[in-house]
Amino acid sequence: MDINKYTPSYGINQKHMVKLADYSTEELFELLYATKAMKAKFIAHEDTRILQGVTVALLFGDTSLRTRSALEIGIRQLGGVCVNLPYSKKDMCAGENIKDIVNIISRYGVGALVTRGIEQKDLDEYCAVSDLSIINSTNDDYIPLQAVCDLFTIWEKKGKLEGLKIAYVGKGGNNAASLIMGAIKCGLEVAVAIPPEFGIKKQHVLRAEQYGKIFVTDNPVEAVKNADVVYTDSYDYHSPVTEKEREILKPYQVNGALMSLAKHNALFMHPLPASRGIEVTEAVIDGNNSVVLDQGENKLHTIKAVLALLIK
């Protein structure tokens, strides 16, 4: 389906955003068009205070910089109020009940709960019992907000999605899992080059392949050839790799030689934080084809679009 031939309604029936597998192509397009609208309003300094009087709570189980900043700033730009809730495994092990937590929070007037670092089984339980919108900013399995942000950035830069080739290179994880699901649903050709030791969880690949063919290889040269977008992620963020593991990943570094196999105007993408000289060279990430700063900015507009569509 061609996003440029789609007419948005600026509304979806989804209550939660936990993983992109729950979203249809049309619903992803709605999010992308809403992101486009939010960015246009931001650039024009138009009033977007559509969540006046709404409180959004953040329940973060690990550290965050860009995502937390984008959430707090975005919520304020929408006219809402952001509160940070304390969270620890110790509290949960001490007898806290997920159903009680979300039901009490909803009585405080909270409109949505944005989580980070919450295990998938717990997150599924939150969604099953919550009257609030639950938004998974990231956990070990999925990072849906980043994938929507990335797809918008590609659309913004390339003017289309359908028919483009995206090559994901490096260490498989939540970012790779969400990106391939979103990309395949939006009509992109997807190639993945990941060493077997760091592969994407099999269930994530199989589920994405229900919507299209994914080329999976351990050879980055094969994956990147003629790509419109080359994407990699940090090796060390939240889960440091050993020297032995770093040697395994070394051939997957995105450098000038690897980028030269993609199309001459191929985008380089990375969600940040990046380790220059490890998964990507400084010349690539700071080069003319890099759009990592655009990705960083667009996270703000994506977050506002998601909140606007999900909070009823």
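Only this structure's heavy atoms are used, side chains among them; waters, hydrogens and symmetry mates stay out.
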Donor-acceptor list for residues 196-208 side chains, cut-off 3.5 Å, not counting sequence neighbours:
residue: Lys201; atom: NZ; partner: Asp141; partner atom: OD1; Å: 2.9
residue: His204; atom: NE2; partner: Asp141; partner atom: OD1; Å: 3.4

Using distance alone, with no hydrogens and no angle criterion, decide if [X] and [Y] have a side-chain donor and acceptor under 3.5 Å apart.
X      : Y      : answer
Glu72  : Asn84  : yes
Thr281 : Gln253 : no
Thr48  : Lys304 : no

Look up atom CD in Gln14 and atom CG in Leu309, then write down how far apart they are to the nearest 0.5 Å. 11.0 Å
So, does [X] use its side chain to make a donor-acceptor pair with the main chain of [Y] at under 3.5 Å?
X      : Y      : value
Tyr33  : Ile3   : yes
His16  : Ile134 : yes
Ser130 : Cys127 : no
Glu162 : Met1   : yes
Asn298 : Asp294 : yes

Which pair of non-hydrogen atoms, one from [X] and one from [Y], has the smallest distance, and what is that distance?
X      : Y      : result
Glu119 : Asn139 : C-ND2, 4.2 Å
Asn103 : Val129 : OD1-O, 3.7 Å
Leu85  : Ala57  : CD1-CB, 3.7 Å
His270 : Pro273 : CE1-O, 3.2 Å
Ala183 : Val190 : CB-CG2, 3.8 Å
Thr302 : Leu145 : CG2-O, 3.8 Å

Sorted by first residue and then second, give each ring-ring contact (aromatic ring centres under 6.0 Å, His included) pair with at least one member in residues 243-268; sequence neighbours left out. none
Name every donor-acceptor pair, under 3.5 Å, that has one atom in a side chain of residues 221-228 and the other anywhere in the protein, sequence neighbours excluded.
residue: Glu222; atom: OE1; partner: Thr217; partner atom: OG1; Å: 3.1
residue: Asp228; atom: OD1; partner: Lys263; partner atom: NZ; Å: 3.1
residue: Asp228; atom: OD2; partner: Lys165; partner atom: N; Å: 2.8

Can you tell me if [X] has over 12 outside heavy atoms packed within less than 6.0 Å of its [atom1]?
X      : atom1 : value
Asn4   : CG    : yes
Arg246 : CZ    : yes
Lys41  : NZ    : no
Asn289 : CG    : yes

I'd like to know whether the aromatic ring centres of Phe29 and Trp155 sit less than 6.0 Å apart in this structure. no
Report the relative orientation of the aromatic rings in Tyr231 and Tyr168; use parallel for angles under 30°, tilted for 30 to 60°, perpendicular for over 60°. parallel
Looking at side-chain heavy atoms only, is the closest gap between Thr232 and Lys171 below 4.5 Å?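 No, their side chains stay 4.5 Å or more apart.
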